[in-house]
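Working notes, structure below.
No experiment lies behind these values; they were computed from the predicted model shown. Heads up: numbering here begins at 1 and tracks the sequence. Both counts, for ligands and for their atoms, begin at 1 and track the order of listing.
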Amino acid sequence: MIVIGCDHAACKLKETIKSYLEEKEIPFIDCGTDEGVPCDYPNMAETVCGKITNGEAEKGILLCGTGIGMSMAANKIKGIRAACASDCFSVKYTRLHNDANVLCMGERVVGHGLALELVELFLNTEFEGGRHQRRVDLITALESK
Ligand code: RB5
């Protein structure tokens with residue numbers, strides 16, 4: 001299960017990604033927001049990430065104007081490894097090496113075609129584990145320092 005959410009700056013991109021997920025028959029939860037309903041991105045990050053930390057979803061997609069505010073907020077939540085990215089290399093390696101569980105993108109940064117490529121990579125690239133697991137565990141350890 002995928003969970004997706006955006007603020008008012010990224011509703012159109014959310015709709016594009018939802019269409020892609022529907023076409024691929026990938027189940028998802030849409031946490032909003034919708035056109036004409038402004039929301040503060042930290043609140044949306046909390047809602048979306050909550051669905052991951054409570055086990056309802058495995059991965060999340062957070063969208064705002066830049067993707068940056070969403071990633072800052074999401075990374076405050078225990079158990080969340082959010083990557084703000086706008087290129088294929090970063091998305092591939094944040095899955096391979098960081099086991100990122102949230103992808104953040106900016107509607108004002110990426111075109112819709114590129115965003116769909118990034119989503120595809122994010123969903124289909126497996127974490128490598130091995131030496132990278134230790135480093136991910138060290139990130140987790142920072143949560144309780
Ligand atoms: C909203 O205008 C904008 O600040 C927000 O979408 C995001 O870009 C913040 O990081």
Side-chain angles (χ1 to χ4, degrees), residues 1-128 132 135-145:
M1 179 68 73
I2 304 303
V3 57
I4 185 165
C6 67
D7 75 357
H8 48 275
C11 295
K12 287 188 176 60
L13 183 55
K14 178 162 71 70
E15 290 310 308
T16 297
I17 294 172
K18 280 169 60 184
S19 299
Y20 166 86
L21 295 173
E22 278 162 4
E23 192 184 301
K24 298 282 177 188
E25 299 184 347
I26 298 168
F28 65 90
I29 304 163
D30 178 5
C31 293
T33 189
D34 295 307
E35 209 71 66
V37 187
C39 88
D40 293 324
Y41 61 82
N43 294 332
M44 181 54 66
E46 184 178 12
T47 301
V48 164
C49 293
K51 306 260 181 227
I52 298 171
T53 56
N54 75 7
E56 275 183 74
E58 291 146 41
K59 287 179 185 166
I61 298 170
L62 280 169
L63 312 166
C64 63
T66 59
I68 296 172
M70 283 294 193
S71 65
M72 286 180 169
N75 278 318
K76 296 285 182 194
I77 298 167
K78 286 186 178 180
I80 297 302
R81 290 176 303 280
C84 179
S86 53
D87 69 279
C88 293
F89 185 88
S90 297
V91 172
K92 179 179 171 186
Y93 280 89
T94 201
R95 283 293 310 131
L96 288 173
H97 290 186
N98 314 130
D99 198 17
N101 52 9
V102 175
L103 173 64
C104 303
M105 294 182 291
E107 172 159 327
R108 297 169 183 162
V109 179
V110 292
H112 289 212
L114 173 58
L116 294 183
E117 296 232 348
L118 300 181
V119 167
E120 191 162 336
L121 266 175
F122 176 66
L123 298 182
N124 296 317
T125 306
E126 292 301 318
F127 177 49
E128 261 181 19
H132 301 294
R135 293 160 185 166
V136 169
D137 291 343
L138 286 167
I139 294 176
T140 305
L142 291 173
E143 292 172 350
S144 45
K145 283 188 181 174

Side chain, backbone, both or neither: the part of Met72 lying under 4.0 Å from ligand 1 by heavy atom: neither
Value rounded to 0.5 Å, distance of CG in Asn101 from CD1 in Ile61: 12.0 Å
Atom indices of ligand 1, in the order listed, that fall short of 4.0 Å to a heavy atom of Gly65: 5 (C), 6 (O), 7 (C), 8 (O)
Under 4.0 Å to a heavy atom of Asp7 - the qualifying atoms of ligand 1, by number: 1 (C), 5 (C), 6 (O)
Shortest protein contact, atom 10 (O) of ligand 1 (heavy atom only): Gly69 N, 2.9 Å
Electrostatic pair Lys12-Glu15, nearest N-O below 4.0 angstrom: no
Distance filter under 4.0 Å to Cys64 heavy atoms, resulting ligand 1 atoms: 6 (O), 7 (C), 8 (O), 9 (C), 10 (O)
Considering all heavy atoms, the nearest Ile77-Glu143 contact: O-OE2, 4.2 Å
Side chain Glu107, main chain Leu13, donor-acceptor under 3.5 Å: yes
Short side-chain to backbone donor-acceptor contact, Arg135 and Asn98, under 3.5 Å: no
Thr53 side-chain N/O to Cys49 backbone N/O, donor-acceptor pair under 3.5 Å: yes
Short side-chain to backbone donor-acceptor contact, Ser144 and Ala141, under 3.5 Å: yes
Ligand 1-proximal atoms of Ala9, by part, heavy-atom distance under 4.0 Å: side chain
Numbered atoms and elements of ligand 1 in range of Arg108, under 4.0 angstrom, heavy atoms: 2 (O)
Structural part of Thr66 in contact with ligand 1, heavy atom criterion under 4.0 angstrom: both
Atom 9 (C) of ligand 1: nearest protein contact (heavy atom, Å): Tyr41 CE2, 3.5 Å
